[in-house]
Amino acid sequence: MKQKTFVDDINRELYDFRYEEKDYFRVRSGLDRAVVEEISSEKNDPQWMHDFRLRSLEIYNRMPVQNWGPSIDGLDMDNIVTYVRPNTGMSAKWSDVPDEIKETFEKLGIPKAERQSLAGVGAQYDSELVYHNVRKEVEEQGVIYTDLESALHGPYQEMIRDHFMKLVPPTDHKFAALHGAVWSGGSFVYVPAGVKVEIPLQSYFRLNAKGAGQFEHTLIIVDEGADLHFIEGCSAPKYNVANLHAGCVELYVRKNAKLRYSTIENWSKNMYNLNTKRALVAEGGSMEWVSGSFGSHVSCLYPMTILEGEEASMNFTGITFAGEGQDLDTGVKVVHNAPHTTSSIGTRSISKSGGVSTFRSSVQITARAKKARASVSCQSLMLDEISRSDTIPSMDIRTGDADIGHEARIGRISDEAVYYLRSRGLSEEDARAMIVTGFCESVSRELPLEYAVEMNNLIRLEMKGSIG
Amino acid sequence: MNETLLKISGLKADADGKEILHGIDLEIGPGEVHVLMGPNGAGKSTLGNALMGHPSYEITGGRILFGGKDITDESVEMRARDGLFLSFQSPVEIPGVTVADLIRTAAEALTGKRIFLADFRKRLYEKMDFLRMEREWAQREVNVGFSGGERKKAEILQLLMLEPSLAILDETDSGLDVDAVRTVSAGVEAFCSDGKKSLLIITHSARILEELKVDKTHVLVDGKIVDEGDAGLAASIIQDGFTRYEKA
Amino acid sequence: MNNTTNVTINPLPVRTWNRLKLNDSSVDLPVPGIYARNESPVHTLPAGMGEGLDDYFRKLGVRAEENELTKETGSFCCAIRPEKGELAAREFVFHVREGAAALIRIDMDPSGECCPDNCHENSRADNLGKEGAVTAVRTLIHLEKNASVDLIQVHSPGESDLILSDTGVHACEGAEIRVFHVFPGSSGDKDGKNAKIYAALRSDLAGEGSSLSLRGGYRLGDECVLDMNYIVNHLAPSTKSDLDMRGSLHKGSRKTFRGTIDFRRGSGGSKGAELEDVLFLDDDVVNRTIPLILCSEEDVEGDHGAAAGKISPEALYYLCSRGLDKEEAARMLEEGRIAGVIRAIPERRVREDLLRKVFGEESV
């Protein structure tokens with residue numbers, strides 16, 4: 001038998017902190033019509049949104065839970081409190097934010113990021129946007145970056161109404177319907193035609209209260225010829241009670257526009273992360289996904305791209321790291337529905353300490369997509385013999401005038417590589433960490449520096465252990 | 001009928017939108033052995049492939065006449081059936097198709113006539129023995145797992161079996177060991193031994209020329225023919241290289 | 001008088017999005033009034049089509065035909081040829097004894113001609129009132145220690161025929177099986193349209209060092225369906241698997257390939273590889289592929305590759321430069337896929353017989 005490294009569990013200290021709850025407003029546990037009405041009235045929903053929530057609730061109650069993928073039996077909807085709101089109003093300046101909440105974000109490094117001239121920071125804390133600051137230069141370009149709830153009453157309400165949950169309708173799956181009924185918080189971004197946003201916009205999410213769910217909704221529209229990079233990164237503390245994240249991200253990339261959507265998901269290890277992300281790309285548009293999935297107890301995450309216009313393109317780079325107690329079912333979906341469209345998918349996954357990592361993908365090429373080209377490459381690394389890694393890719397091609405390539409590989413850390421690094425002075429542990437970091441480099445090099453650093457730190461923490 | 005077998009006039013060719021050949025004039029008569037030399041990047045392979053009709057190369061000017069016929073716009077397979085052959089520098093793999101199948105099907109396509117298995121097999125093994133190729137190679141998939149030298153031999157086998165009137169050999173002797181060069185040379189020699197077949201040998205080392213009687217040498221530099229001469233020119237270039245053609 | 005029953009077959013070992021409709025396939029099968037009177041239970045060696053076919057065979061009362069293959073009696077050959085409107089359902093069980101080397105050849109070609117030696121009788125059913133012939137064959141092979149088997153299965157339906165070919169393999173220590181799946185399009189009818197083939201194989205590599213290699217080649221004619229489910233379970237250390245499936249699709253054809261390599265805990269030192277290559281010869285095709293790798297063991301190597309597209313321009317250019325026109329080049333590449341599988345059969349007589357049968361002439 002080949003040599004093995006026994007690795008300790010991840011050091012979560014950095015993220016496992018919580019605060020005592022203080023007079024926060026809570027709705028009744030469980031999910032019925034009265035709860036949804038309460039949420040709607042609290043938010044001052046316009047009539048159409050009120051009706052939409054109730055219709056979604058009906059759909060939610062009708063739909064069964066999926067019969068494939070990881071088990072979500074540990075999730076008891078009756079015990080999920082869907083809406084918790086901290087007792088501060090929206091704040092434009094960092095200095096006005098309550099200390100307790102500020103400390104949480106400081107530990108996560110938001111002020112530092114602010115200093116490094118990111119365009120704007122929308123930080124979500126327990127279902128509400130607490131802090132929101134849009135940089136002047138971005139404003140001047142005409143870019144709208146605001147919380148979604150207040151935008152429902154603003155000048156962009158018609159635009160939002162035309163787009164909200166059209167890409168991911170409540171009928172899509174049970175947790176999309178749930179989202180439609182109880183969604184709360186999230187961002188709305190509109191980039192006008194021809195505008196290139198030089199600095200990435202970013203948004204943090206935060207979950208604190210015991211048993212609360214996160215249902216934020218992100219809606220981004222990049223108009224013709226515009227260019228945007230949006231970063232989503234998140235973290236949450238650990239609890240005994242299951243936490244649920246059923247967010248929704250809808251991205252519209254118009255003609256010849258470009259959107260890059262980067263995420264590091266680092267939810268704590270009792271979270272159920274059932275997020276839905278979807279992009280619609282018009283003629284000549286380009287959609288780039290960069291995704292690192294590290295946290296949560298159970299994850300179902302399959303960013304989907306629909307290439308609707310001629311020459312639309314999509315590129316996906318992702319990494320998933322499943323450690324002890326984790327069942328991360330992640331992947332990507334793409335639909336080619338126009339000629340000369342291209343997609344390229346590259347994913348890596350790592351399984352360790354009994355973690356389960358599943359890569360699940362779907363490439364669909366319709367009869368309309370003549371001369372489409374698609375390529376998929378997924379690599380999996382097994383770090384021990386108690387973990388699991390499954391690869392479930394699928395391709396459905398309905399035109400003979402297309403070109404498709406797919407490859408997948410699974411294996412262990414190469415002994416020769418470890419030997420080589422040791423012959424250059426590294427310890428076995430360091431050698432393995434270096435190899436795994438190198439394995440993840442395809443994603444880290446696509447991220448802004450501070451994110452890449454956070455990601456490499458996460459990897460190093462996960463890999464730390466002793467040789468046995 | 002025209003005396004000249006191949007006549008290229010003012011040929012210009014683009015690859016990826018960039019002009020590689022800037023107006024080539026070249027004539028080859030029947031039974032003649034010509035050599036095309038030039039430094040790397042001169043456009044030698046481009047010329048060979050443009051003559052064969054490679055779809056990636058676009059002819060933007062000039063004409064190619066073969067056996068008196070204008071083939072500038074003709075399809076690849078028609079040029080082959082007219083009697084043109086190109087031995088590729090790096091022949092591609094064709095999984096699932098055996099060497100024997102390919103040659104037999106090609107031979108039938110060229111002559112338009114059915115070829116009887118027994119006759120074909122006899123002739124094939126004759127040529128294979130001559131080229132010192134093991135007979136079981138006939139059943140191997142074309143170029144799959146072949147080394148560079150093995151691929152070249154397979155090309156020459158096709159040459160001997162298909163008997164074109166003009167064969168363009170693109171760097172056929174590169175990457176071969178001494179024995180293989182000797183064998184390939186013998187094959188090429190056998191091909192034109194009847195005095196009626198023509199050869200255009202593209203090379204920059206020309207070990208293959210040692211056994212052949214070269215009628216004319218053409219030097220291609222940066223997409224243009226900069227010099228022409230007889231066998232002596234080839235010999236002197238092999239000795240001195242292309243420095244004399246470099247811009248001062 | 002005659003009923004049909006809807007059967008779910010070819011299930012994926014791990015389900016995925018239902019919308020893709022790839023988790024399994026369903027097919028209508030005839031249930032004639034009386035088929036066979038036998039009541040004996042269906043054999044328990046698992047095969048690739050799943051419970052759906054178990055139930056169907058039980059309904060029909062198909063009797064398992066047991067065969068022992070030893071060092072002395074090492075080959076078995078059978079052709080199953082129902083006529084139009086007939087159903088032929090057979091279940092073969094092979095016990096390949098320790099150290100034996102055996103050859104098993106099963107031809108499912110309703111319109112074909114005789115195959116040499118040992119041609120066994122068909123089972124027949126009454127006229128089903130259907131257009132095409134229905135063939136359902138299950139082949140179960142148990143390989144003892146160090147046994148070795150070459151399994152050749154030829155599937156050649158004529159117009160509107162339906163073939164179900166289900167195989168199950170259990171391999172003990174050191175056992176080795178080489179499977180050749182040939183789907184040449186129809187051999188008898190000139191126009192084998194609307195034919196449907198469901199092919200499945202499940203192999204449990206249960207003994208240390210056991211191995212499976214599968215080579216398949218197909219040509220799907222107009223409006224034909226080929227639906228496959230290949231599963232290899234690596235259960236023991238140092239096992240090896242190798243799946244190579246290549247084919248071509250013509251107008252209106254529909255192909256589904258499910259290929260699973262499963263490295264279970266305890267299969268350290270094992271290797272599995274899967275390769276699929278599809279050639280499109282028409283725009284109007286449906287090509288679905290779902291190559292799974294499941295893994296719970298660290299010390300393994302698994303990889304799969306799938307490619308689909310039209311003839312590569314380089315290959316086309318090369319063949320045209322040898323005088324073939326586009327159609328001839330396409331046909332040569334197509335046939336090459338199937339010929340490649342046949343040529344890999346070690347037994348010369350079988351190889352030559354099949355080449356003759358499929359391509360109609362002797363090859364060099």
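Within every chain, numbering begins at 1; the chains are lettered A, B, ... in the order of the sequence lines, protein sequences first and strands thereafter.
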With only heavy atoms counted, which part of [X] is less than 4.5 Å from chain C, the side chain, the backbone, both or neither?
| X | value |
| --- | --- |
| A:N67 | both |
| A:S361 | backbone |
| A:A367 | neither |
| A:F359 | neither |

Hey, mind stepping through A:D172 and C:R19 against side chain to side chain contact (heavy atoms under 4.5 Å, CB included) and telling me if it holds? CA-CA 11 Å; A:D172 208 80; C:R19 269 195 197 102; 4.3 Å; yes
Could you tell me which of C:V14, C:D284, C:L20 has the largest number of non-hydrogen atom pairs under 4.5 Å with chain A? C:L20
Please report the interatomic distance [atom1]([X]) to [atom2]([Y]), rounded to the nearest 0.5 Å.
| X | Y | atom1 | atom2 | answer |
| --- | --- | --- | --- | --- |
| C:L22 | A:I392 | CG | CD1 | 11.5 Å |
| C:D282 | A:T399 | CG | OG1 | 9.0 Å |
| A:H173 | C:N18 | NE2 | CG | 13.5 Å |
| A:D384 | C:E297 | CG | CD | 9.5 Å |
| A:E385 | C:C295 | CD | SG | 11.5 Å |

Exceeds 12 heavy-atom contacts within 6.0 angstrom, atom [atom1] of [X]:
| X | atom1 | answer |
| --- | --- | --- |
| C:K271 | NZ | no |
| A:K166 | NZ | yes |
| A:K174 | NZ | yes |

Applying salt bridge (Lys or Arg N to Asp or Glu O under 4.0 Å) between C:E298 and each of A:K352, A:R388, A:R412, report the one that passes. A:R412
Contacting region of C:L294 [heavy-atom separation from chain A under 4.5 Å]: both
Under 4.5 Å from any heavy atom of chain A - which part of C:R258: neither
Top of A:C378, A:S389, A:G411 for chain C proximity - count of heavy-atom pairs under 4.5 angstrom: A:S389
Please rank A:I386, A:V376, A:V363 by heavy-atom pairs under 4.5 Å with chain C and give me the top one. A:I386
At their closest point, which heavy atom of [X] faces which heavy atom of [Y], and how far apart are they?
| X | Y | value |
| --- | --- | --- |
| C:R15 | A:W68 | O-CB, 3.7 Å |
| A:M382 | C:S296 | CE-C, 3.8 Å |
| C:R265 | A:S387 | NH2-O, 3.2 Å |
| A:G400 | C:K310 | O-CG, 3.3 Å |
| A:P393 | C:I290 | O-CG1, 3.2 Å |

Yes or no on side chain to side chain contact (heavy atoms under 4.5 Å, CB included) for A:Q364 and C:R288, after CA distance, side-chain angles and deciding distance? CA-CA 9 Å; A:Q364 270 179 270; C:R288 306 191 311 163; over 6 Å; no
Any heavy-atom pair between the side chains of A:S394 and C:T16 that's under 4.5 Å? no
For the backbone of A:I410 and the side chain of C:D303, can you confirm whether one donor and one acceptor N or O come within less than 3.5 Å of each other? no
